[in-house]
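What follows is one structure encoded as structure tokens, with my remarks underneath.
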Amino acid sequence: MTALYAVEHLTKTFGRGKTAVQAVKDVSFELEEAQVTTIVGESGSGKSTVARMLLGLMPVTSGTLRFDGRDVTHLKGRDRAAYWRQVQAVFQDPFSSFNQFFTVGKLLARSMRLVGREVGRQRLEESLGHVGMTPDVLGRYPHELSGGQRQRVMIARALMMQPKLLIADEATSMLDASLRVNILNVLTDLRDELGMTVLFITHDIGQACYLADRVLVMEHGSLVEQGPTDKVIFQPEHEYTKRLLADVPKLHSAMDLERP
Ligand code: ADP
Ligand code: MG
């Protein structure tokens with residue numbers, strides 16, 4: 001297996017002096033190609049800050065980010081724009097930043113233009129197919145879709161760029177349980193069918209374990225445990241991991257579901 005992403009000694013400090021917050025403390029991990037890796041931890045543990053730095057949306061305080069064999073820690077201009085196509089993200093609240101009076105088609109038009117008009121339409125239809133949707137969704141308004149359908153549209157939008165890495169930060173947190181499982185399955189299908197590398201971020205260790213090949217556990221900005229999912233579930237080493245697992249009485253019944 002090869003690592004698509006190598007993160008070395010990543011730190012992030014917000015503010016200075018006495019009020020400084022060390023949001024991410026010396027975090028190192030790798031994302032294996034065509035695997036789903038999850039980061040799990042309570043709210044405020046630094047998960048989104050890690051995601052934003054990997055996405056190049058926020059400068060690192062220190063550390064190195066290596067993507068596909070290249071140092072991407074301090075990209076600028078054209079290099080950064082090229083990088084942004086290869087690393088796409090979906091967040092918790094799809095469409096929150098979009099005009100609600102636009103149809104889904106209009107909302108996706110910009111992504112289509114980025115790809116190029118000729119291949120754009122074809123890629124769009126392929127991408128919708130990958131998330132189990134048909135092009136008739138393009139004529140609908142966001143409020144006519146369920147939360148799960150909206151999130152699938154956002155994943156399709158990301159897929160149009162044909163990214164090498166998809167980062168989903170609490171992308172299922174607002175969804176009902178049944179819709180949530182549906183999205184988790186979409187993500188594992190992308191791994192299996194397209195060889196997509198996925199970084200799935202959640203505060204819910206049940207979800208993390210449901211879909212991940214590998215689980216990373218963060219507590220107060222530090223990575224306290226990481227390993228293959230079964231190892232983390234059945235032989236957790238860190239007290240914090242044990243506590244997270246104990247807080248999920250339904251985890252074991254959830255694990256009885258067929259694992260993706
Ligand atoms: P998580 O995603 O795990 O809930 P975050 O990465 O959002 O955690 O936040 C980690 C810590 O960093 C929190 O204490 C949060 O308040 C702080 N933080 C996050 N973003 C900022 C920011 N832009 N400015 C100052 N502090 C921040
Ligand atoms: Mg977060």
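Quick caveat: nothing in here was measured; it's all calculated off a predicted structure. Numbering starts at 1 and runs along the sequence shown. All ligand and atom numbering here is 1-based and tracks the order in the structure.
- Proximity of Glu42 to ligand 1, defined as any heavy-atom pair under 4.0 Å, is confined to the backbone N, CA, C and O atoms.
- Thr61 and Thr11 share no side-chain donor-acceptor pair at under 3.5 Å.
- Closest approach of Ala208 and Thr38 over heavy atoms only: CB-OG1, 3.4 Å.
- Residues Gly15 and Ala20 share a closest heavy-atom pair of O-CB, 3.8 Å.
- Shown in contact with Ser43 at under 4.0 Å from a heavy atom are these atoms of ligand 1, numbered in order with element: 4 (O).
- Within a 4.0 Å radius of atom 15 (C) of ligand 1, the protein contributes no heavy atom.
- Note on ligand 1: Gly41 sits outside its first shell, no heavy atom being nearer than 4.0 Å.
- The shortest contact between atom 8 (O) of ligand 1 and any protein heavy atom is with Gly46 N, 3.2 Å.
- The main-chain N or O of Glu144 is found under 3.5 Å from a side-chain atom of Arg140 such that the two form a donor-acceptor pair.
- In terms of polar-atom proximity, defined here as any N/O pair under 3.5 Å, Ala23 makes no such contact with ligand 1.
- A heavy-atom distance below 4.5 Å is not found between the side chains of Leu165 and Gln86.
- Using the six-membered ring where Trp is involved, Tyr240 and His238 have ring planes that are perpendicular, over 60° apart on the 30 and 60° scheme.
- When only non-hydrogen protein atoms are considered, atom 4 (O) of ligand 1 lies nearest to Gly44 N, 2.7 Å.
- Looking at atom 3 (O) of ligand 1, its nearest protein heavy atom turns out to be Lys47 NZ, 2.8 Å.
- At the top of the distance list for atom 5 (P) of ligand 1, counting protein heavy atoms only, stands Thr49 OG1, 3.6 Å.
- Between Glu237 and Lys231 there is a salt bridge, since at least one side-chain N of the basic residue sits less than 4.0 Å from a carboxylate O of the acidic one.
- Of the charged side-chain nitrogens involved, none lies within less than 4.0 Å of a carboxylate oxygen, so that Glu32 and Arg214 do not count as a salt-bridged pair.
- Within ligand 1, the atoms closer than 4.0 Å to a non-hydrogen atom of Ser48 are 1 (P), 2 (O), 6 (O), 7 (O), numbered from 1 in the order shown.
- None of the N, O or S atoms belonging to Thr49 lies under 2.8 Å away from the Mg ion (ligand 2).
- Lys12 does not count as a contact of ligand 1, since none of its heavy atoms falls under 4.0 Å from the ligand.
- Protein heavy atom closest to atom 23 (N) of ligand 1, with residue, atom name and distance, is Phe14 CE2, 3.6 Å.
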